[in-house]
A.B. asks: 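My structure is below; once you've seen it, I'll send some questions.
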Amino acid sequence: MERLVRPFFERYTPSVARELLGCLLVRRIGAKTISGKIVEVEAYRGSDDPASHSFRGATKRSAIMFGEAGHVYVFFSYGNHWCLNFTTEGKGQPGAVLIRALEPVEGVEEMVKNRGVSEEGRLTDGPGKLTKALSIDGSLNGEDAVTSKRLYVLGREAQVRISSSARIGISKGREQQWRYLVEGNPFVSKRVTRSR
DNA sequence: ATACTGATGGCCT
DNA sequence: GGCCATCAGTATA
């Protein structure tokens with residue numbers, strides 16, 4: 001499999017999001033490799049998307065979304081969890097794809113250790129869980145996934161069936177069906193849309 | 001099975 | 001002060 005290149009990310013965010021499904025997310029820490037197939041994502045854009053961090057323009061947190069596509073955007077959520085995104089579109093045109101769930105492929109023992117659990121099940125079926133499993137935190141914010149040795153994405157080998165829904169955990173922008181899942185994959189997040 | 005809640009911090013009004 | 005791109009635990013059925 002080939003690593004995803006810059007032009008892949010420099011497109012309309014929902015298209016990038018759909019095509020990230022089935023790709024392999026790779027995390028390398030020294031000699032160790034942890035990887036998983038991307039099975040659930042969400043697209044976030046800019047001034048047309050009230051659910052996005054970049055809706056009201058660039059802030060210290062969201063500045064990365066306004067920069068070059070293909071970079072890692074990691075933010076701290078609910079005071080407890082890190083969430084992983086890849087930036088999209090062009091400079092000045094903000095966008096990012098949130099990685100919501102993985103199907104573990106390599107380094108399962110390491111994931112178990114990082115998660116601090118005893119069982120193998122449900123290691124990466126949520127955005128906060130997969131960052132913990134892959135040891136991803138704010139120190140990777142801004143990393144260039146096109147050139148990084150620590151965190152990158154390999155293209156998919158086979159076509160996947162995709163279904164979509166409203167995004168999870170947001171109250172505005174629910175009209176967009178910008179959450180994408182690999183149809184029938186058991187590793188997608190189990191939480192259902194809140195009705196707040 | 002669903003429903004609610006505490007933890008905990010950054011960002012917004 | 002209120003609102004979150006969350007999760008694990010507890011309570012209730």
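Throughout, protein chains are lettered first and strands after them, A, B, ... in sequence-line order, and every chain is numbered starting at 1.
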A.B. asks: Output the rounded distance in Å from CG (A:L130) to P (C:dA5).
C.D. replies: 17 Å
A.B. asks: Nearest whole angstrom, please: distance from the C1' of C:dT6 to the CD1 of A:I168.
C.D. replies: 12 Å
A.B. asks: Could you tell me how far apart A:F75 (CZ) and B:dT8 (P) are, to the nearest whole angstrom?
C.D. replies: 19 Å
A.B. asks: With a non-hydrogen cut-off below 4.0 angstrom, is A:R115 in contact with a base, only sugar-phosphate, or nothing?
C.D. replies: sugar-phosphate
A.B. asks: Do A:E143 and A:S148 meet the criterion of a side-chain donor-acceptor pair at a distance under 3.5 Å?
C.D. replies: yes
A.B. asks: If the P atom of C:dA5 is compared with that of B:dT2, how far apart are they to the nearest Å?
C.D. replies: 23 Å
A.B. asks: Looking at A:S171, I'd like to know whether one of its side-chain N or O atoms comes within less than 4.0 Å of OP1 or OP2 on C:dC4.
C.D. replies: yes
A.B. asks: Classify the ring geometry of A:H53 against A:F75: parallel below 30°, tilted from 30° to 60°, perpendicular beyond 60°.
C.D. replies: perpendicular
A.B. asks: Atom OH of A:Y78 to atom C1' of B:dT5: distance rounded to whole Å?
C.D. replies: 13 Å
A.B. asks: Looking at C:dA8, I'd like to know if its phosphate oxygens (OP1 or OP2) sit under 4.0 Å from a side-chain N or O belonging to A:K129.
C.D. replies: yes
A.B. asks: Whole angstroms only, please: what is the CG-C1' distance between A:D137 and B:dG10?
C.D. replies: 16 Å
A.B. asks: Could you say whether the aromatic ring of A:F76 and the base of B:dG10 stack, counting only centre distances under 5.5 Å and plane angles under 30°?
C.D. replies: no
A.B. asks: Name the pairing partner of C:dA8, where a pair is Watson-Crick or G-U wobble with both distances under 3.5 Å, or state none.
C.D. replies: B:dT5
A.B. asks: For A:P127 and A:K172, find the nucleotide of DNA chain C closest to each by heavy atoms; which residue's nucleotide sits nearer the 5' end?
C.D. replies: A:K172
A.B. asks: Check every strand shown and say whether A:G128 touches a base, only sugar-phosphate, or nothing at a heavy-atom separation below 4.0 Å.
C.D. replies: sugar-phosphate
A.B. asks: Is any N or O donor-acceptor pair between the side chain of A:N80 and the base of B:dT8 shorter than 3.5 Å?
C.D. replies: yes
A.B. asks: Let's see if you get this right: which residues in residues 50-68 of chain A place a heavy atom under 4.0 Å from DNA chain C?
C.D. replies: A:A51, A:H53, A:M65
A.B. asks: Taking CZ in A:R115 as the centre, count heavy atoms belonging to other residues, nucleotides or ligands within less than 6.0 Å. Is the count above 12?
C.D. replies: yes
A.B. asks: How are the rings of A:W82 and A:F76 set to each other: parallel, tilted or perpendicular (split at 30° and 60°)?
C.D. replies: tilted
A.B. asks: Quick one: does any side-chain atom of A:R27 pair with a main-chain N or O of A:S135 as donor and acceptor, under 3.5 Å?
C.D. replies: yes
A.B. asks: In plain terms, say whether A:E19 and A:R156 are close enough for a salt bridge, that is, a side-chain N and a carboxylate O under 4.0 Å apart.
C.D. replies: no
A.B. asks: CZ of A:R122 versus P of C:dT6: gap in Å, rounded?
C.D. replies: 17 Å
A.B. asks: Starting at atom OH of A:Y44, determine the distance to atom P of C:dA5, rounded to an integer number of angstrom.
C.D. replies: 7 Å
A.B. asks: Could you please spell out the steps behind the side-chain hydrogen bond (donor to acceptor under 3.5 Å, both in side chains) verdict for A:S52 and A:R45?
C.D. replies: CA-CA 6 Å; A:S52 173; A:R45 293 194 79 234; over 6 Å; no
A.B. asks: Quick one: A:I136 CD1 to C:dT6 P, roughly how many Å, whole number?
C.D. replies: 16 Å
